[in-house]
There are 2 protein chains.
Amino acid sequence: MILKSQVEWALHCCAILAGLPEGRYLSTKALAELHGLPKEYLSKALQSLSQASLVDTTLGPSGGYRLARPSSEISFLEIVEAVEGKARSFTCTNIRENNPCRPAGYCDSKPCAVARVMWEADEAWRNTLRRVRLSDLVGTLSEDVPPDIWRDTFEWVLKRAG
Amino acid sequence: MILKSQVEWALHCCAILAGLPEGRYLSTKALAELHGLPKEYLSKALQSLSQASLVDTTLGPSGGYRLARPSSEISFLEIVEAVEGKARSFTCTNIRENNPCRPAGYCDSKPCAVARVMWEADEAWRNTLRRVRLSDLVGTLSEDVPPDIWRDTFEWVLKRAG
DNA sequence: GGTTTGCGGATATTATATATCCTTAATTCC
DNA sequence: GGAATTAAGGATATATAATATCCGCAAACC
């Protein structure tokens, strides 16, 4: 059970977008170079964010991506689910159906007891991610990263933002 | 991010093993037939349980698997981790290292802020599974499954347990 | 009109999950 | 002692998903 690397990419990209000045867009190319990622494949992750309406896009030079909402109104979970999908990590294939002692139709009222536990754990995972906002990440990052590097990064980025 | 189907298989098999009379073993063949699963591949899942010391095994006719401990002392997490592994679902590839504005050696003291959040969610998932004991599952199952089917199932199983 | 951009489709490559087969050694039963 | 049965583990094949690249399109900018 491993998340796609695109999840990591999307989160880091959103953190950068959260720091962009109002109205500016940042292109796939700039985001890929900043993070040392394959441009074409990163583009797929950004398209997922766009389809989930987490980012706005615009075309042409000076085009690219920006957050569709303030970073305080975007949760980790939304970003993760945009890329990874909303499907639960445990899929019940109902193997209890195969029990040769089980007449058809029995015990079909509720989902399987095993699945209920696994889904509860899945919910706990999602709830944790739901509670963390993108603005929280930006806050933590600006504590962790030395201020001059943080500033240099955004200068570097804005030079490429058209 | 999808768990292997072997996780589901292992959980259902442990639930059956938990209901076995003291000292009896149940073979891969019987467990596979009961659940309608491919015997050879299910065997790999059971071997994982054995390697994790969750089950005891013995050879020969009337051999097979039994729980190594009372079901109240085995958690869901142990079974899941035995099959799925203990690795976290999010792996940080440290793409912040690629930031061209970042001199080497900076911000390497703590793990990445993104990873810390993802790992916290992973812990929430594991904690939920850690709190559920195999005996809890057996309890739920015996509420869900009609008593006569539950009884028939164990008669069926014991006929094959040598 | 030329350049840049996001978007989506098609395709190739790699890794992982799923599944089967076979050999070995231990155990039970006759 | 000999035949049958079992778990263990290595080797291998197949299917599916993740990773990655390439191309053509339409919109936006200069």
Side-chain angles (χ1 to χ4, degrees), chain A residues 1-10 13 17 23-33 35-66 68 82-85 87 89-91 93 95 159-162, chain B residues 1-10 13 17 23-33 35-66 68 82-85 87 89-91 93 95 159-162:
Chain A
M1 187 188 57
I2 294 217
L3 291 164
K4 329 193 204 195
S5 52
Q6 286 193 338
V7 170
E8 182 184 15
W9 304 355
C13 286
L17 292 181
R24 301 291 287 274
Y25 292 84
L26 200 52
S27 70
T28 306
K29 185 154 170 288
L31 286 166
E33 283 172 6
H35 294 113
L37 300 174
K39 174 174 161 314
E40 309 276 1
Y41 194 33
L42 173 63
S43 165
K44 303 293 183 187
L46 298 173
Q47 283 174 41
S48 298
L49 296 178
S50 172
Q51 282 198 313
S53 300
L54 295 177
V55 296
D56 290 333
T57 69
T58 188
L59 292 176
S62 87
Y65 297 87
R66 74 178 177 197
V83 173
E84 187 68 31
S89 57
F90 179 86
T91 54
T93 62
I95 60 179
K159 223 183 315 175
R160 275 142 235 262
Chain B
M1 187 189 58
I2 295 217
L3 291 164
K4 332 193 203 196
S5 51
Q6 286 193 337
V7 170
E8 183 185 12
W9 304 356
C13 286
L17 292 181
R24 301 291 286 277
Y25 292 85
L26 200 52
S27 71
T28 306
K29 186 156 169 285
L31 286 167
E33 284 173 6
H35 294 113
L37 300 173
K39 174 175 161 314
E40 309 277 1
Y41 193 33
L42 173 62
S43 165
K44 303 294 184 186
L46 298 173
Q47 283 175 42
S48 299
L49 296 178
S50 171
Q51 282 198 315
S53 300
L54 295 177
V55 296
D56 290 333
T57 70
T58 188
L59 292 176
S62 86
Y65 298 87
R66 73 177 178 198
V83 171
E84 187 69 32
S89 58
F90 180 87
T91 53
T93 63
I95 61 178
K159 224 182 314 175
R160 276 141 236 260

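Note that the structure is a prediction, hence the values are computed from the model and not measured. Heavy atoms only: backbone and side chains are in, while hydrogens, waters and symmetry mates are out. Each chain gets a letter, A, B and so on, in the order the sequences are listed, and its residues count up from 1.
- Distance from the side chain of B:Tyr41 is smallest to C:dA19 among C:dT28, C:dA19, D:dC29.
- Contact annotation: the side chain of B:Cys13 approaches that of B:Leu42 to within less than 4.5 Å [non-hydrogen atoms, C-beta and beyond].
- A:Thr58 has no side-chain polar atom (N or O) that falls below the 4.0 Å cut-off from OP1 or OP2 of C:dT5.
- As rounded to whole Å, 6 Å separates atom P of C:dG8 from atom CD of A:Gln47.
- For D:dT5, neither phosphate oxygen OP1 nor OP2 lies less than 4.0 angstrom from any side-chain nitrogen or oxygen of B:Ser27.
- Here D:dA8 presents its P atom at 10 Å from CG of B:Asp56, a figure rounded to the nearest Å.
- A straight line from CD of B:Gln6 to P of C:dT20 spans 12 Å, rounded to a whole angstrom.
- Distances shown here put a side-chain N or O of A:Thr57 below 4.0 Å from the OP1 or OP2 atom of C:dC7.
- Regarding B:Leu37, its CG atom lies at a distance of 18 Å from the P atom of C:dA17, rounded to whole Å.
- Contact of B:Lys44 with D:dG10 (side chain to base): a donor-acceptor pair of N or O atoms is detected under 3.5 Å.
- Rounded to the nearest 0.5 angstrom, B:Thr57 OG1 and B:Tyr25 OH are separated by 7.5 Å.
- Considering only side-chain atoms of B:Leu59, the nucleotide from C:dT3, C:dT27, D:dA27 that sits closest is C:dT27.
- As rounded to whole Å, 17 Å separates atom P of D:dA27 from atom OH of A:Tyr65.
- Between the side chain of A:Glu84 and the main chain of B:Met1, a donor-acceptor pair closer than 3.5 Å is present.
- Between B:Thr28 and D:dA7 there is a side-chain N or O to OP1 or OP2 distance below 4.0 Å.
- Distance B:Lys4 NZ to D:dT16 C1': 14 Å, rounded to the nearest Å.
- When rounded to the nearest whole Å, the span between CE of B:Met1 and P of C:dT16 equals 17 Å.
- Residues A:Ile2 and A:Gly60 each lie close to DNA chain D; by heavy-atom proximity, the contact nearer the 5' end of the strand is made by A:Ile2.
- No side-chain donor-acceptor contact under 3.5 Å links A:Ser48 and A:Gln6.
- Between D:dA7 and B:Ser50, no contact under 4.0 Å exists linking OP1 or OP2 to a side-chain N or O.
- Between B:Leu26 and B:Leu17 there is a side-chain heavy-atom pair separated by less than 4.5 Å.
- Nucleic acid contact for A:Ser43: none, since no nucleic acid atom lies under 4.0 Å from a heavy atom of the residue.
- Note: CD (B:Glu40) to C1' (C:dT20) measures 6 Å, nearest angstrom.
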